[in-house]
Number of protein chains: 2
Amino acid sequence: MSEPTKSGTREIARDAVRARISEVAVDLFDEHGFANVTVEQIATEVGISARSFHRYFAVKEDAVIAEPMGWGVFVRDRFAERPADEPVWEGLLAAYEALLAQPDRDDVRGKRAMRVLGSTPSLRARNLEKHLLWAQLLTPLVAERLRGPQRLLRAEALVHSSLACFDIALGNWAQSEAAADPAALLRTAFAEIAAVS
Amino acid sequence: MSEPTKSGTREIARDAVRARISEVAVDLFDEHGFANVTVEQIATEVGISARSFHRYFAVKEDAVIAEPMGWGVFVRDRFAERPADEPVWEGLLAAYEALLAQPDRDDVRGKRAMRVLGSTPSLRARNLEKHLLWAQLLTPLVAERLRGPQRLLRAEALVHSSLACFDIALGNWAQSEAAADPAALLRTAFAEIAAVS
DNA sequence: CCAATAGTGTCAGAGACTGACAGAATTGGC
DNA sequence: GCCAATTCTGTCAGTCTCTGACACTATTGG
């Protein structure tokens, strides 16, 4: 599935720089607002040129969103492991829960990023776009488990609704002052949809 | 709710120009691709300056999305008219159906716009942003009709899921060659969510 | 006909992003 | 350790989107 891991070290260095840029960018955005920080400022702070910034992130927004595909693959794989006879909605919930349970998630930084993300429309939009990619990974698997006509349309409805719930749960978690449990919020959102009669 | 309709004629002229720009823009985007058409080209074709283009549309993308708030208000108002004891999900479906039933919807042009829209990431993102605005209008009304804890979170889950269904239905409709009924696709998507147990 | 109001083009400028290119660093084999 | 291939990197030049300022024209309402 993943690349041949050509020579390891290079990839590692690249990821580290990428992470550093993201860190600096989120800090600056949080303090001054997304629109009031230029790419040049971020680059200077990190110690690289503006041109190099764009070699790591296609657009300014991506410095906050970062990781576009990797976690999507993770969620898809978790979903794929679920028993075939399990209701789809439960399987999706379990897959997202697995993501939230990842040990290397930095909650403090994650929360800060989510806060910045929620404060700027163009960032939110870009984030939703990322979820569109996730949806493309999940939809085929979900469609497989459905019966009857219009399988693709119905699968898309399920997947996108689940992503909406995921988004909302994380958004609410980021806004909450107290140390709420994102997984609990996620379950609440999922349960609400399941209760639609 | 609506503006005092200051002097009518001016508003009418403005809307007409706006519609004309949008028409030209969608045509050009459809033919050459969104990124390959400059604002200047659109403006020249319409017979105005590039500066004036931006007086009608804040950003290039909006020439395709057009109407950012108006229809959102329409949907909200339709939902508000629904009986208070009706299940929320049914009320939302009815509100979107009312939008699709609007007599002045130009299906041919609408389909073209949706096609362009689906082909360019930045356009998709902007479209999602529009839906974020719709969600802000609908969420308070939905929250009002819910009981129990976490009303806001649960309302957001419902509203965003419904918007996802709306998006998917229109997206599938735009892609379909045959003259499918968007309302039927919408009902299918909504039914799928309602069937989650 | 005359103000007040609204719309327009032109100009200047900031900022995001891209392609080209030359120089520096890193890698893998020898 | 050394050399060639590969992979960064910064610099430069340029395009495009979007904004503010200003002067000018058109429309409106009295």
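From a predicted model like this one, the values you see are computed outputs, not experimental measurements.
Residue B/R14 contributes atom CZ, which lies 15 Å from atom C1' of D/dT27 at whole-angstrom precision. Residue B/D62 contributes atom CG, which lies 12 Å from atom C1' of D/dC18 at whole-angstrom precision. Rounded to whole Å, the distance from CZ on B/F34 to P on D/dC16 is 14 Å. Rounding to whole angstrom units, CG of residue B/N36 and C1' of C/dT18 are separated by 14 Å. The separation between B/I48 atom CD1 and C/dA6 atom P is 20 Å, rounded to whole Å. Atom CZ in A/F57 sits roughly 12 Å away from atom P in D/dT9 (whole-Å rounding). Note: CZ (B/R18) to C1' (C/dT8) measures 16 Å, nearest angstrom. If you measure from atom CZ of A/R55 to atom C1' of C/dC21, you get 11 Å, rounded to the nearest angstrom.
At the heavy-atom level, B/A58 lies under 4.0 Å from the strands shown only through sugar-phosphate atoms. Across all strands shown, A/F53 has no heavy atoms under 4.0 Å from either base or sugar-phosphate atoms.
Axis orientation changes by 30° from one end of the helix from C/dC1-D/dG30 to C/dC30-D/dG1 to the other, with each end axis drawn from 5 pairs and the value rounded to 10°.
Applying the 6.0 Å contact sphere to CD of B/Q175 captures no more than 12 heavy atoms from other residues, nucleotides or ligands. Counting non-hydrogen atoms of other residues, nucleotides and ligands closer than 6.0 Å to CD of B/E40 gives a total of 12 or fewer.
Neither OP1 nor OP2 of D/dT9 sits under 4.0 Å from any side-chain N or O of A/S49. Side-chain N/O atoms of A/Y56 include none lying less than 4.0 angstrom from OP1 or OP2 on C/dC17.
The nucleotide whose nearest atom lies closest to any side-chain atom of B/R10 is, among C/dT5, C/dA20, D/dT19, C/dT5.
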Problem set entry | Candidate pair B/R154 and A/E192, rule salt bridge (charged side-chain N to carboxylate O under 4.0 Å, His left out), full reasoning | CA-CA 6 Å; B/R154 287 159 52 214; A/E192 184 64 26; 2.5 Å; yes
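Between A/W134 and A/F166, the ring planes lie tilted relative to each other; the angle falls in the 30° to 60° range.
A donor atom on one side chain and an acceptor atom on the other are not found under 3.5 Å apart for A/S122 and B/E129.
Between the side chain of B/R78 and the main chain of B/E97, no donor-acceptor pair closer than 3.5 Å is present. With hydrogens and angles disregarded, a donor-acceptor distance shorter than 3.5 Å links the side chain of B/K60 to the backbone of B/F34.
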Close N/O contacts between protein and nucleotides 13-16 of chain C (under 3.5 Å):
from, atom 1, to, atom 2, distance (Å)
C/dA16, OP1, A/V39, N, 3.3
C/dA16, OP1, A/K60, NZ, 3.4
C/dA16, OP2, A/V39, N, 3.4

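Under the 6.0 Å distance and 45° angle rule, A/R20 does not count as a cation-pi partner of A/Y56.
Test B/R18, B/R126, B/K130, B/R55 against B/D62 for salt bridge (Lys or Arg N to Asp or Glu O under 4.0 Å) and you get one pass: B/R126.
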